[in-house]
Amino acid sequence: MRIRFHFRWIPFVVMLLLVALGVSLAQWQQRRGDEKVARAARLAAGNQAAPLSLTAAPMLPADAQAIEYRRVTVTGHFVPAWTVYLDNRPYKGQAGFHVLTPFRIDGSAMHVLVAQGWLPRNNAERTRIPDYSTPAGTVTISGIARLNAGHVMELGTAPALAPHAIVQNAGIGQLVQASGLALQPFILEQTVDSTATAPASSQLPVRDWPAPDLGADKHRGYAFQWYALALMAFLFFVFTGFRRANKQP
């Protein structure tokens, strides 16, 4: 029996598109996995490094990226007048808010935005914020540097930031524009008050911050699946081409 291959343009183009799509998505997943590996390395290095003492010297975004996941300490005082609340931040299955408050660095006009922690939502009155205490006067706090406060899906146009607003998302640039405060280009996820004037733990927001989503293996698995799809598309084109050719008289 003579083996022939029957070439057809439409299946060939479809095969090329599927192969290109599979390879492109696989490479994208590989890059995501590499990013997660690099993030895990920065997290491990940040945990091992000595705490960084934050000064009032303005940082560039590249400087903030270099210290992400580092432990940071800073002395100054909170500016509660410009606290904002991030909605739709659940904790252990309960709806609630993250509390963001500017913190003025001692002896300067520079601030860092501090995520004080999580507060539960009042189910009967959605916009009512639970009573909590923010330390007054000069305090020293510690936390973990993060580039942003995370982002949740938001429908429609976001309202302008205002003091004590409840919003879905709040970027540092948005807060700078709304408040006129000078802010460092990162957020400090607060973990510790190191002064005796800090309020009792029962009055503080919960500071059990979620670990960064690493999951590099998940992205490698997705990359393998997309490569497999590309290979299957190519093999299917070859197999059906030979089969169709052999069926012809």
S.K.: Would you say L86 and L183 are hydrophobically clustered, going by side-chain heavy atoms of ILVMFWY under 4.5 Å?
M.R.: yes
S.K.: Just wondering, do I105 and V74 contact through their side chains at under 4.5 Å, heavy atoms?
M.R.: yes
S.K.: Just how far is it from atom CG of L235 to atom OG1 of T240, taken to the nearest 0.5 Å?
M.R.: 10.5 Å
S.K.: Kindly compute the distance separating CD (Q184) from CZ (F103), expressed to the nearest 0.5 Å.
M.R.: 12.5 Å
S.K.: Which distance, rounded to the nearest 0.5 Å, do you find between the CD of Q29 and the OH of Y222?
M.R.: 7.5 Å
S.K.: Examine distances only and state if a side-chain atom of R89 and a backbone atom of Q168 form a donor-acceptor pair shorter than 3.5 Å.
M.R.: yes
S.K.: If you look at every heavy atom in A230 and V19, which pair is closest and at what distance?
M.R.: O-CG2, 3.4 Å
S.K.: Quick one: closest heavy-atom pair of A182 and A109, and the distance?
M.R.: CB-O, 3.8 Å
S.K.: What heavy-atom pair brings P130 and P120 nearest, and what distance separates the two atoms?
M.R.: CG-O, 3.0 Å
S.K.: Please check: side-chain N/O of W82 versus main-chain N/O of T101, any donor-acceptor pairing under 3.5 Å?
M.R.: no
S.K.: Looking only at side chains, do Q30 and Y227 share a donor and an acceptor under 3.5 Å apart?
M.R.: yes
S.K.: Is the closest side-chain heavy-atom distance between V72 and S142 below 4.5 Å?
M.R.: no
S.K.: Does atom CD of Q177 have more than 12 heavy-atom neighbours from other groups under 6.0 Å away?
M.R.: no
S.K.: For side chain to side chain contact (heavy atoms under 4.5 Å, CB included), just list the numbers for H164 and V84, CA-CA rounded to whole Å, side-chain angles, deciding distance to a tenth of an Å, and then say yes or no.
M.R.: CA-CA 5 Å; H164 308 293; V84 295; over 6 Å; no
S.K.: Go through I141 and V114 one step at a time and tell me if the side chain to side chain contact (heavy atoms under 4.5 Å, CB included) criterion holds.
M.R.: CA-CA 10 Å; I141 63 173; V114 175; 3.7 Å; yes
S.K.: When rounded to the nearest 0.5 angstrom, what distance separates CH2 in W118 from NZ in K92?
M.R.: 9.5 Å
S.K.: Can you say whether the rings of H98 and W209 are parallel (under 30°), tilted (30 to 60°) or perpendicular (over 60°)?
M.R.: perpendicular
S.K.: Evaluate N169 against V152 for side chain to side chain contact (heavy atoms under 4.5 Å, CB included), listing each step before the verdict.
M.R.: CA-CA 7 Å; N169 302 288; V152 299; 3.7 Å; yes
S.K.: Hey, are the side chains of L188 and L113 touching, using non-hydrogen atoms and a 4.5 Å cut-off?
M.R.: no
S.K.: Does any N or O in the side chain of H77 come within less than 3.5 Å of the main-chain N or O of G137, such that one atom is a donor and the other an acceptor?
M.R.: no
S.K.: Give the minimum heavy-atom separation between T191 and G143, together with the two atoms involved.
M.R.: OG1-CA, 3.6 Å
S.K.: With the 4.5 Å side-chain cut-off for hydrophobic clustering, are L17 and W226 part of the same group?
M.R.: no
S.K.: Same cluster or not: are M110 and L52 linked, directly or through other Ile, Leu, Val, Met, Phe, Trp or Tyr residues, by side-chain heavy atoms under 4.5 angstrom apart?
M.R.: yes
S.K.: Please examine the side chains of F186 and E68, heavy atoms only from C-beta on, and report whether any two atoms are closer than 4.5 Å.
M.R.: no
S.K.: Check the side chains of T75 and T140 for a donor-acceptor pair under 3.5 angstrom, ignoring hydrogens and angles.
M.R.: yes
S.K.: Quick check: closest heavy atoms across P163 and A81, and the distance to 0.1 Å?
M.R.: CB-O, 3.0 Å
S.K.: Might you work through the side-chain hydrogen bond (donor to acceptor under 3.5 Å, both in side chains) test for Q116 and T134, ending with a clear yes or no?
M.R.: CA-CA 8 Å; Q116 290 197 66; T134 296; 3.2 Å; yes
S.K.: Please determine whether the number of non-hydrogen atoms from other residues, nucleotides or ligands lying under 6.0 Å from atom CZ of F234 exceeds 12.
M.R.: no
S.K.: Rounded at 0.5 Å granularity, tell me how far CD1 in I10 sits from CZ in F12.
M.R.: 13.0 Å
S.K.: Is a side-chain N or O of S24 found less than 3.5 angstrom from the main chain of L21, in a donor-acceptor match?
M.R.: no
S.K.: Under 4.5 Å between side-chain heavy atoms, hopping through other hydrophobics if needed: is there a path connecting L100 to F97?
M.R.: no
S.K.: Evaluate the ring planes of Y132 and Y85, with Trp represented by its six-membered ring, and classify them as parallel (under 30°), tilted (30 to 60°) or perpendicular (over 60°).
M.R.: perpendicular
S.K.: Please check if F78 and L54 belong to a single hydrophobic cluster, counting links between Ile, Leu, Val, Met, Phe, Trp and Tyr side chain heavy atoms closer than 4.5 Å.
M.R.: yes
S.K.: Out of curiosity, T138 OG1 to R104 CZ, how far, rounded to the nearest 0.5 Å?
M.R.: 11.0 Å
S.K.: Run the numbers on Q174 and V167 for side chain to side chain contact (heavy atoms under 4.5 Å, CB included), then give the verdict.
M.R.: CA-CA 12 Å; Q174 292 175 295; V167 295; over 6 Å; no
